[in-house]
Amino acid sequence: MKIIMLGAPGAGKGTQAQLIAEKYQIPHISTGDIFRANIKAGTQLGKEARQYMDQGLLVPDELTVKILLDRVAQEDCAGGYVLDGFPRTIPQAQVLDEALAKQGEKIDYAIDVNVPDENIIRRMSGRRACLACGATYHIEHVPPKQEGICDHCGQKLVLRDDDKPETVKNRLKVYHEQTQPLIEYYTEQGILRTVDGTRSMAEVFDAVAAILS
Ligand code: AMP
């Protein structure tokens, strides 16, 4: 099964993608995670991607499409995958569709995790991340045991640059302008499904699982 998760940044699509990956035993592929791993490793790709990410802008399609197509060509993706954060533009979606069509394949479902902008801004300003080990928290919903300190490695937690209110507003603007048109794109293909992302994580996943079964 090949699944795309759509939704604004902070809508919870990453969490749902992770749950789908566990339930269906397929890889969870996040282009954001791939970029962050490259930034951490100090690669050329990471250096280029960072300039855009820190401002809440999209990394150009030329860089993004290649890493995604390389990733889905790997052996562990033969039985399907769940994409989280890709595609984010119509050209990205078209390139993916064309690459799949060459192999007689297609995306099965595009699931939109729908959350209004006001909820997103509230959610993201409460996020905290450990830059040392990658663990993420939320000051209200998933607090660390000791305020400001990572449970796993004891390092200081921070509000990631791309979760700061100004950047979040920018990311939402970019989302509405560049990514939301994908809702229409996948509706026309007949594979769009929408879930209410304001509900609890478990309730959202029940709705997702009902679609996939
Ligand atoms: P995410 O972790 O999915 O929220 O992604 C974090 C950041 O990585 C985004 O704000 C973009 O700057 C960049 N990014 C991730 N995926 C893509 C993509 N498919 N196209 C362009 N930029 C992306």
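Order of listing sets the numbers, starting from 1, for every ligand and every atom in it. Bear in mind that the values here come from a model prediction, so they are computed numbers and not experimental data.
Between the side chain of D84 and the backbone N or O of I29, no donor-acceptor pair lies under 3.5 Å. Of the possible donor and acceptor atoms, one in the side chain of T167 sits under 3.5 Å from a partner among the backbone N and O of D161. In this structure, Q55 contributes its side chain and Q51 its backbone to a donor-acceptor pair below 3.5 Å. Judged purely by atom type and a 3.5 angstrom limit, R123 uses its side chain to pair as donor or acceptor with the backbone of A11.
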Would you mind writing out a table of all protein N or O atoms found under 3.5 Å from any N or O atom of ligand 1, naming both atoms and giving the distance to 0.1 Å?
residue: ligand 1; atom: 2 (O); partner: R36; partner atom: NH1; Å: 3.0
residue: ligand 1; atom: 2 (O); partner: R36; partner atom: NH2; Å: 2.8
residue: ligand 1; atom: 3 (O); partner: R88; partner atom: NH1; Å: 3.1
residue: ligand 1; atom: 3 (O); partner: R88; partner atom: NH2; Å: 3.2
residue: ligand 1; atom: 4 (O); partner: R88; partner atom: NH2; Å: 3.2
residue: ligand 1; atom: 4 (O); partner: R171; partner atom: NH2; Å: 2.7
residue: ligand 1; atom: 12 (O); partner: L57; partner atom: O; Å: 2.6
residue: ligand 1; atom: 16 (N); partner: T31; partner atom: OG1; Å: 2.7
residue: ligand 1; atom: 16 (N); partner: G85; partner atom: O; Å: 3.3
residue: ligand 1; atom: 16 (N); partner: R88; partner atom: NH1; Å: 2.9
residue: ligand 1; atom: 19 (N); partner: G85; partner atom: O; Å: 2.8
residue: ligand 1; atom: 19 (N); partner: Q92; partner atom: OE1; Å: 3.0
residue: ligand 1; atom: 20 (N); partner: Q92; partner atom: NE2; Å: 2.9
residue: ligand 1; atom: 22 (N); partner: V59; partner atom: N; Å: 3.0

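Under the 4.0 Å criterion applied to side-chain N and carboxylate O atoms, K40 and D33 are not assigned as salt-bridge partners.
Other residues, nucleotides and ligands place no more than 12 heavy atoms under 6.0 Å from the CZ atom of R50.
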